[in-house]
Amino acid sequence: MRAVQFSAYGPASVLAVAEVPPPHAGPGQVRVAVRASGVNPADTYVRAGRFQDWIPLRLPHVPGVDAAGVVDQIGDGVTGVRVGAEVFGITDFAGMGGANAEYAVLAAWAPKPAALTWEQAGGAAGNIETATRVLDLLGVGDGATLLIEGAAGGVGTTTIQLAVARGATVIGTASARNHAFLASLGAVPTTYGPGLAERVDALVPGGVDVVLDCAGSGSLPDLIGLVAGPDRVVSIADIDAPAHGVHLSRGSGPGADTPALDGIAIAGALAEQGRFSVPVAAVFGLEEAAAAHELSESRHARGKIVLRP
């Protein structure tokens with residue numbers, strides 16, 4: 001099969017398409033003929049070698065953790081799904097990859113909602129798991145007020161919708177050009193940077209309860225000042241978060257949080273109800289994976305970046 005891979009850590013240019021043996025579904029897994037797969041910021045971190053100290057990889061490595069496709073192989077012990085079923089899901093976190101290819105093995109999945117295109121479904125599951133995980137860690141529920149720093153990206157847009165579905169109020173920071181976009185997803189938009197505390201106070205005089213940092217832009221000291229303490233903040237993007245007393249949440253490697261895989265089916269049900277969508281920033285072919293990674297690293301993508309085989 002054709003797959004994106006890299007044989008050495010480095011810039012996006014190390015990515016190339018190669019012919020590799022297809023994977024096979026193991027116990028508790030399914031294999032899909034991929035229709036679309038996602039590109040996440042974590043994929044670029046892995047490729048650049050930022051995680052190699054705690055997530056060692058066997059190179060060459062096929063990146064990508066979320067995909068949508070048609071089931072063509074079912075592993076031992078799997079029930080409730082048949083060959084030919086359309087599903088979306090996530091690969092085994094321990095491998096941190098495998099989805100950006102013509103075939104991928106999923107460790108968790110749910111029926112593909114008819115309300116989502118292949119591109120939307122293919123880029124959904126990784127962000128859904130991350131968003132569900134951090135919402136659970138922060139205890140976000142009905143009546144909570146959540147601020148998301150860097151809300152216009154893939155995880156931010158997903159977290160907005162899942163938090164609103166839980167009954168929370170969401171404040172999202174983004175550049176002014178993305179404010180109408182965030183509002184369309186159910187967030188109250190504001191601008192990031194100096195003066196954030198004053199802007200938040202004007203929007204929600206009672207203040208915010210918890211904060212999610214999706215930006216990793218060095219704003220954690222200011223974000224901590226918005227809440228009762230650093231234990232009310234979770235970052236998924238700032239590797240220096242622990243130095244500030246902030247929990248850095250990740251789904252794999254030593255000290256990883258328990259994956260929130262139940263969120264995939266929950267988001268699928270919300271999509272069928274018209275309460276969850278996946279904004280797609282751009283769609284690339286496998287051969288354009290380097291450009292997809294560069295767009296992700298630019299931090300200018302509004303929504304999810306997707307690859308089509």
Side-chain angles (χ1 to χ4, degrees), residues 1-4 30-43 63-72 81-91 98-132 151-162 164-165 178 180-187 261 263-289 291-293 295-296 300-309:
M1 69 172 186
R2 293 164 57 251
V4 177
V30 299
R31 187 178 74 177
V32 297
V34 175
R35 296 292 183 266
S37 62
V39 173
N40 297 287
D43 299 327
V65 297
D66 41 19
V70 178
V71 175
D72 82 326
V81 67
R82 58 175 178 77
V83 170
E86 297 180 353
V87 301
F88 74 117
I90 199 163
T91 63
N100 297 156
E102 291 182 316
Y103 291 89
V105 170
L106 302 182
W109 61 90
K112 174 191 168 294
L116 299 182
T117 65
W118 281 116
E119 290 83 1
Q120 291 173 314
N127 289 342
I128 291 168
E129 187 282 324
T130 301
T132 304
V155 173
T157 55
T158 299
T159 307
I160 290 170
Q161 297 175 83
L162 296 184
V164 169
N178 285 323
F181 170 60
L182 295 187
S184 73
L185 297 175
L261 301 175
I264 299 172
I266 292 170
L270 289 171
E272 294 290 29
Q273 299 166 18
R275 301 171 62 197
F276 180 80
S277 64
V278 182
V280 174
V283 180
F284 296 87
L286 292 183
E287 294 80 3
E288 302 170 296
H293 274 230
L295 176 58
S296 177
H300 294 313
R302 192 171 79 174
K304 190 65 185 233
I305 300 168
V306 179
L307 300 180
R308 289 292 304 256

Any side-chain heavy atom of [X] sitting closer than 4.5 Å to one from [Y]?
| X | Y | value |
| --- | --- | --- |
| Val278 | Phe88 | no |
| Pro279 | Arg302 | no |
| Met1 | Val34 | no |
| Phe284 | Leu295 | yes |
| Val32 | Val71 | yes |
| Phe181 | Thr157 | yes |
| Leu162 | Phe276 | yes |

What salt bridge (charged side-chain N to carboxylate O under 4.0 Å, His left out) pairs are there with at least one residue in residues 105-118, not counting sequence neighbours?
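Qualifying pairs: none.
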Which pairs with one or both residues in residues 263-276 pass salt bridge (charged side-chain N to carboxylate O under 4.0 Å, His left out), sequence neighbours excluded?
none
Straight-line distance of [X] [atom1] to [Y] [atom2], nearest 0.5 Å:
| X | Y | atom1 | atom2 | value |
| --- | --- | --- | --- | --- |
| Asn178 | Leu185 | CG | CG | 10.0 Å |
| Asp66 | Asn127 | CG | CG | 6.5 Å |
| Leu106 | Thr91 | CG | OG1 | 7.5 Å |
| Thr158 | Lys304 | OG1 | NZ | 7.5 Å |
| Leu261 | Thr132 | CG | OG1 | 9.5 Å |

Please find the pair of heavy atoms, one from [X] and one from [Y], that lie closest to each other, and give the distance.
| X | Y | answer |
| --- | --- | --- |
| Gly263 | Ile128 | O-CG2, 3.2 Å |
| Ile264 | Trp109 | CG2-C, 4.4 Å |
| Ala36 | Val306 | CB-CG1, 3.8 Å |
| Leu182 | Ala151 | CD2-O, 3.6 Å |

Considering residues at least two apart in sequence or located in another chain, which fulfil the salt bridge (charged side-chain N to carboxylate O under 4.0 Å, His left out) criterion with Arg35?
none
Partners of Glu287 by salt bridge (charged side-chain N to carboxylate O under 4.0 Å, His left out), sequence neighbours excluded?
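Glu287 satisfies salt bridge (charged side-chain N to carboxylate O under 4.0 Å, His left out) with Arg2 once adjacent residues are dropped.
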Partner residues of Glu86 under the side chain to side chain donor-acceptor pair (under 3.5 Å) criterion, sequence neighbours left out:
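So Glu86 forms no side chain to side chain donor-acceptor pair (under 3.5 Å) with any residue.
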According to side chain to side chain donor-acceptor pair (under 3.5 Å), who are the partners of Ser37, at least two apart in sequence or on a separate chain?
Asn100
Stepwise side chain to side chain contact (heavy atoms under 4.5 Å, CB included) test for Tyr103 and Asp72
CA-CA 9 Å; Tyr103 291 89; Asp72 82 326; 3.4 Å; yes
